[in-house]
Amino acid sequence: MLLRLPNVVARRMFIILVLMVIVGLFYIYSSENKYHSCFMEGQVLATQQALTADGETNLLDDVLQADPKPSPGNSIFFHETSCRLSENRQLETLKVTARQACAIESAAMHNPNFQVFVLFAGPTYRISNNNSHPQPLVEAILSYSNVHLRRLNLESYASGTPMEEWLKDGRLSRSKYLFSHISDFLRYLTLYRYGGLYLDMDVVVLRNMEKVPPNYTGAESNTHLAAGVMNLAATGFGHEIAASCLRDFQHNFNGEDWGNNGPGVITRVAQKICGTEDIALMQEDPKRCMGFKVFGRGAFYAVPWKRWRDFFEPEKLEQTMARCKDSYVVHVWNKHSSKLPIKQGSKNAYALYAEQNCPRSYKAAGEYF
């Protein structure tokens, strides 16, 4: 009996290990389904609650249906891909962070002739309801007549595009980085649908970009382009580039790799257009890229992500301002910087950029920004 004990223990440990693996896989699968269903469920709730609300004006309008619609090639787009539902399955009051509001306001303020669309991919929030007023930050961005808040439904937004069937196969919903990869998916799909200028929500626009010729992006490093600032024409060569990006997204999609489906896509497409993998050569020889412009790092990413703290450290103020003096946009790397609030009146580069380029949001944010 004693001789059999080790075998019994080993079998029990093996069974326990198998059960733990099964439970772990079930948890992962449930979590993925939970997040993905959140995007889809929000659309159903929007329809149901629109029928019971006092007025449908409290719900964000669908970008495919509402007027004004994006003007092809002359619109700026932001995407909000967080997914939130209240505990009682009600749509929560629309909220944006101070830094999101700053990005939106700075784009609207410096580009008054462009329409700015903020597209919400998660549950459709109410702008207000009978018991509340819009968040001060929301009021700040909506004080600009060229800002429009819209919702989108992932399936209907992809309908009629090259991504319609691909979306149905479930690879996107199984992504390890679902929110990021939905954001990647949408930026290329939006540029395919409308052209125009896509911007990340963690930028500050410093200058007018209306006269910059279309079809451009920016280098983030010596090896990769970035996908945080991209402009494509709605027709012609720009639309062909957008179509190439969608094809690359489908062919090379990897749910295990955070950057493969965002900056990876535009980098690979540009390499094919320009006939080189040399990022420096793309910038030095514009004819090589047939009219697709690759800006140097100073245009949009003058401060690299490894030095994101430079925006927030007072002792780096002058150095950072000098580094970004020719930039159209500064990117503050929200993935790293979001947990570092700054106090109103702080003497750092980001506070100064916000005060100058998104003054209403900066004021509405309160004590901390």
Side-chain angles (χ1 to χ4, degrees), residues 38-85 90-96 100-101 103-105 107-109 111-130 132-135 137-161 163-164 167 182-183 185-199 201 210 231-232 234-235 239 242:
C38 183
F39 287 99
M40 307 316 297
E41 184 180 354
Q43 310 303 332
V44 176
L45 288 174
T47 302
Q48 294 173 344
Q49 293 181 24
L51 296 176
T52 59
D54 291 337
E56 292 187 24
T57 55
N58 283 346
L59 297 177
L60 293 185
D61 293 322
D62 191 305
V63 65
L64 297 179
Q65 301 174 5
D67 290 321
K69 293 180 173 61
S71 175
N74 295 313
S75 298
I76 298 174
F77 296 95
F78 294 93
H79 296 137
E80 216 298 325
T81 56
S82 299
C83 198
R84 306 182 191 94
L85 284 176
Q90 295 294 307
L91 303 179
E92 295 182 341
T93 300
L94 171 67
K95 293 180 181 178
V96 294
Q100 288 176 333
I104 298 163
E105 179 182 353
M109 185 178 78
N111 300 278
N113 297 311
F114 277 8
Q115 299 301 305
V116 179
F117 287 85
V118 187
L119 307 183
F120 290 78
T124 308
Y125 307 121
R126 299 174 187 272
I127 293 180
S128 64
N129 58 41
N130 293 335
S132 68
H133 296 285
Q135 179 194 22
L137 287 166
V138 174
E139 289 186 317
I141 59 177
L142 288 178
S143 66
Y144 290 84
S145 61
N146 59 334
V147 172
H148 311 282
L149 308 183
R150 298 284 189 266
R151 62 182 169 95
L152 63 83
N153 178 298
L154 288 176
E155 291 184 352
S156 61
Y157 200 61
S159 179
T161 76
M163 305 305 285
E164 180 176 4
L167 182 63
I182 285 180
S183 177
F185 172 79
L186 287 174
R187 72 188 67 192
Y188 293 114
L189 187 57
T190 292
L191 290 174
Y192 177 84
R193 274 190 167 278
Y194 302 111
L197 175 61
Y198 166 81
L199 295 173
M201 291 278 261
E210 295 171 352
N231 182 295
L232 295 176
T235 59
H239 189 65

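Numbers here simply count residues along the sequence, with the first being 1.
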> Where do Leu64 and Ser156 come nearest, in terms of heavy atoms and distance?
Replying inline: CD1-O, 3.6 Å
> Measuring from Asp62:CG to Arg150:CZ, what's the distance to the nearest 0.5 Å?
Replying inline: 9.5 Å
>> How close do Glu105 and Tyr144 get, counting heavy atoms only, and between which atoms?
In response: OE2-OH, 2.6 Å
>> Please find the pair of heavy atoms, one from Ala121 and one from Thr81, that lie closest to each other, and give the distance.
In response: CB-CG2, 4.1 Å
> Shortest non-hydrogen contact from Met163 to Leu189?
Replying inline: CG-CD1, 4.1 Å
> When you check the side-chain N and O atoms of Asn146 and Gln115, is any donor under 3.5 Å from an acceptor?
Replying inline: no
> Hey, what do you get for CE (Met201) to OG (Ser82), rounding to the nearest 0.5 Å?
Replying inline: 8.0 Å
>> On a heavy-atom basis, which atom in Val96 and which in Leu137 lie closest, and how many Å separate them?
In response: O-CD1, 3.5 Å
> For Val138 and Leu149, what are the C-alpha separation, side-chain angles and deciding distance, and is it a side chain to side chain contact (heavy atoms under 4.5 Å, CB included)?
Replying inline: CA-CA 10 Å; Val138 174; Leu149 308 183; 4.2 Å; yes
> CG of Leu197 to CZ of Phe114: how many Å apart, nearest 0.5 Å?
Replying inline: 7.5 Å
> Do the ring planes of Tyr194 and Tyr157 sit parallel (below 30°), tilted (30 to 60°) or perpendicular (above 60°)?
Replying inline: tilted
> When you look at Leu152 and Leu186, which way does the side chain to side chain contact (heavy atoms under 4.5 Å, CB included) test go after all the steps?
Replying inline: CA-CA 10 Å; Leu152 63 83; Leu186 287 174; 4.0 Å; yes
>> Going by side chain to side chain donor-acceptor pair (under 3.5 Å), name the residues that satisfy it together with His239, two or more places apart in sequence or in a different chain.
In response: none
> Which distance, rounded to the nearest 0.5 Å, do you find between the CD1 of Ile104 and the CD of Glu80?
Replying inline: 8.5 Å
> Can you name the closest pair of heavy atoms from Ala242 and Tyr192 and give their distance?
Replying inline: CB-CA, 3.7 Å
>> Main chain of Arg187, side chain of Thr190: is a donor-acceptor contact present, judged purely on distance under 3.5 Å?
In response: no
>> Please report the interatomic distance OG(Ser159) to CG(Leu167), rounded to the nearest 0.5 Å.
In response: 10.5 Å
>> If we ignore hydrogens and angles and just use 3.5 Å, is the side chain of Arg151 paired with the main-chain N or O of Leu60 as donor and acceptor?
In response: yes
>> His79 vs Tyr198, test: ring-ring contact (aromatic ring centres under 6.0 Å, His included). Steps then yes/no.
In response: CA-CA 9 Å; His79 296 137; Tyr198 166 81; 5.4 Å; yes
> How far does CG of Asn111 sit from CG of Asn74, to the nearest 0.5 angstrom?
Replying inline: 11.0 Å
